[in-house]
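To keep things clear, I will list the structure first and then write my remarks on it.
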Protein chains: 2
Amino acid sequence: MNRVISIESIKVACKNCSLGSLCLPMGLTPPDVEKLEKIIKRNRPLHRNDHLFRETDAFSSLYVVKTGTIKTYLPREDGGEQVLGFHLPGEVIGLDAIQDERHACSAKVLETSAVCELPFGQLEELAQVIPSLQHQLFRLLSKEIAEEGKMLTLLGKKNAEERLASFLMSLSCRFKRRGFSPTDFYLSMSRNEIGNYLGLAVETVSRLFTRFQEEAMVRVDRKHIELLDQDRLESVARGSLCSRGNESNSM
Amino acid sequence: MNRVISIESIKVACKNCSLGSLCLPMGLTPPDVEKLEKIIKRNRPLHRNDHLFRETDAFSSLYVVKTGTIKTYLPREDGGEQVLGFHLPGEVIGLDAIQDERHACSAKVLETSAVCELPFGQLEELAQVIPSLQHQLFRLLSKEIAEEGKMLTLLGKKNAEERLASFLMSLSCRFKRRGFSPTDFYLSMSRNEIGNYLGLAVETVSRLFTRFQEEAMVRVDRKHIELLDQDRLESVARGSLCSRGNESNSM
DNA sequence: GTCAGTTCTTGATGCAGATCAACATTCACT
DNA sequence: AGTGAATGTTGATCTGCATCAAGAACTGAC
């Protein structure tokens, strides 16, 4: 092995990573983090439209987004696609592939991104000897499952404006936790991708951005978003604004 | 400990369980299954409308449905609820609670059911020393995540008849794997619950059942369902029947 | 710089499915 | 068995959002 790897290893070192506790190492002791670092592979940066993996590809590693944004999606029967999610720094992709050793979705890069690669076989071995890592992995997978519930409610019950407001608030929260501005950010995905993700037509998304802006809740300039009234946006997201005195399907 | 537990232990014994390989023990060696059995708790049977747990309850155990059906749901802001899923024998509930030690959803019994209780702390300890159990657990969680994608496509892109057809086919498959008839079964959930789960109004579900019956795809008598033409139902579910030459949001 | 191909916006129209309403059936309880 | 409540069905109407259409703004390749 090459001895001159100091620069490289600094770049990978979890303890120097800006993600800090957002990532897997959370809750691990420093020596355990070091063991974890040993199995992490670094890859060259990925560029817009690169595929990190495709559906049915053999599964070997999980990936943590270090910088950039990655979209996961499922091809549909009719040739279209269903966007499953947009993944920001600190978020892990590939969890759905553990079950049958094949990726269950495709992952495409939306803007220049860097990822940490975690060979899953080695990760499992490590989890076998580091209880807190095993626990951390269970938590990670569990969190993903819990999030799903929210999304089902969004797609099953919310109307268009509630969906878009929820989407913006979700991004805001996630940016905030990463130390970015929660009120001023750029969208790395197209209107089409937003609509696809939220189960809405592009035109509806576009109209809603315009309306939200007219109502002074946000300022929209192309992909640049400023949230002007988070409280109201949050209310809209929860569906607790305006009339809506319904309780449909309440049983 | 009581020595006279033979009857009890037979009832719990995974090797005698009709679920067989559908359940957690899948892929474990007999001695490992025995260790697993030691931590499984048996509970008295649950009755219709009992709650197995409620959202925000402290999390201590996963549950495997042994017989019956259990519905998981999330309360909504407006007082209604969002049905997250219907769980048949062999399916595990509570996975979404690992992350923060609280249940993320409520679980309600639809018809008299029995469950195996797996104290998660002990399960983790066991997974720490049985690599194949750890792997099995990762797979289990992963599967749940992968399934989600399908559901997002259903709610985001499919129309009413595609949704109901998908629902029936999903039940059919799951019954089949459990050794029940895939073409003749009883629904343990109400029309309202089906509609809620599929993001449809009750009336729509009711009309579709009528229509499917008129089209001779199914025979419906109250909660009793017979699938008369699985192929066509499958086609409807995939949206590959009739016109629909669309490719909306295909990018 | 120009031009072709995306992506986005805005307006006009149509329709799937929600909602409203009324009745039928089944269930739960005494 | 009888009564009230819950659940299911069917029809009529309404509406939110998809779809269609057309132009504007941006992007990237040369």
Side-chain angles (χ1 to χ4, degrees), chain A residues 47-49 71 78 80 83 110-112 154-165 186-214 218 220-225 236 239 242-251, chain B residues 47-49 71 78 80 83 110-112 154-165 186-214 218 220-225 236 239 242-251:
Chain A
H47 301 291
R48 179 168 167 74
N49 290 329
K71 153 181 108 170
D78 64 6
V83 173
L110 293 184
E111 62 184 339
T112 307
L154 185 144
L155 289 175
K157 301 291 177 315
K158 299 200 171 195
N159 67 23
E161 65 174 18
E162 289 162 5
R163 293 181 197 195
L164 188 63
Y186 281 83
L187 299 174
S188 46
M189 67 295 291
S190 70
R191 301 285 193 268
N192 204 326
E193 286 165 324
I194 296 172
N196 185 305
Y197 176 60
L198 297 176
L200 299 172
V202 205
E203 295 93 325
T204 303
V205 174
S206 186
R207 273 184 256 269
L208 283 172
F209 271 130
T210 306
R211 181 138 63 87
F212 282 1
Q213 173 151 261
E214 282 166 4
V218 300
V220 185
D221 175 27
R222 183 89 183 124
K223 306 224 157 192
H224 179 208
I225 302 287
V236 174
C242 306
S243 39
R244 320 203 77 246
N246 75 66
E247 48 171 274
S248 73
N249 285 47
S250 55
M251 276 160 255
Chain B
H47 301 292
R48 180 167 167 75
N49 291 329
K71 154 181 109 171
D78 63 7
V83 174
L110 293 185
E111 59 182 344
T112 307
L154 183 143
L155 289 175
K157 301 291 175 318
K158 298 199 173 195
N159 66 25
E161 63 174 19
E162 288 162 6
R163 292 182 197 195
L164 188 62
Y186 281 83
L187 299 174
S188 46
M189 65 296 289
S190 70
R191 302 284 194 267
N192 203 328
E193 287 165 324
I194 296 173
N196 184 308
Y197 177 60
L198 297 175
L200 299 172
V202 205
E203 295 93 326
T204 304
V205 173
S206 186
R207 273 184 257 268
L208 282 172
F209 270 128
T210 306
R211 180 136 65 88
F212 283 2
Q213 174 151 259
E214 282 165 5
V218 301
V220 184
D221 174 29
R222 183 88 181 128
K223 307 223 158 195
H224 179 208
I225 302 286
V236 173
C242 306
S243 39
R244 320 205 76 243
N246 75 67
E247 48 170 276
S248 72
N249 286 45
S250 55
M251 275 160 255

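By convention in this document, chain letters (A, B, ...) are assigned in the order of the sequence lines, proteins followed by strands, and residues within each chain are numbered from 1.
Among residues two or more places apart in sequence or in another chain, the salt bridge (Lys or Arg N to Asp or Glu O under 4.0 Å) test is passed with A:R48 by none. Under the side chain to side chain donor-acceptor pair (under 3.5 Å) criterion, B:H224 pairs with B:D184, sequence neighbours left out. Residues that satisfy the side-chain contact (heavy atoms from CB on, under 4.5 Å) test with A:S188, not counting sequence neighbours, are A:T69, A:L110, A:E111.
For B:K223, taking side-chain heavy atoms from C-beta onward, the closest of the listed nucleotides C:dC8, D:dG8, D:dC17 is D:dG8. Closest contact between the side chain of A:A201 and the listed nucleotides D:dA18, C:dT9, D:dC17 involves D:dA18. Nearest to the side chain of B:T204, among C:dG17, D:dT19, C:dC8, sits C:dG17.
With a 4.5 Å cut-off on side-chain heavy atoms, B:E193 and B:K71 count as touching. Between A:L187 and A:F209, some side-chain heavy-atom pair lies under the 4.5 Å cut-off. Residues A:L164 and A:I194 meet the side-chain proximity criterion, which asks for heavy atoms closer than 4.5 Å. In this structure the side chain of B:E162 never reaches within 4.5 angstrom of the side chain of B:L154, judged on heavy atoms.
At whole-Å resolution of the value, CD in A:E193 and C1' in C:dC8 are 13 Å apart. The CG atom of A:L200 sits 11 Å away from the P atom of D:dT19 (whole-angstrom rounding).
An end-to-end axis angle of 60° holds for the helix from C:dG1-D:dC30 to C:dT30-D:dA1, taken from five base pairs per end and rounded to 10°.
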Pairwise N/O distances under 3.5 Å, protein to nucleotides 28-30 of chain D:
none

Output a table of nitrogen or oxygen pairs between the protein and nucleotides 20-26 of chain C separated by less than 3.5 Å.
from	atom 1	to	atom 2	distance (Å)
C:dC20	N4	B:E203	OE2	3.0

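When the side-chain nitrogen and oxygen atoms of A:T210 are compared with OP1 and OP2 of C:dT10, one or more of them lie within a distance under 4.0 Å.
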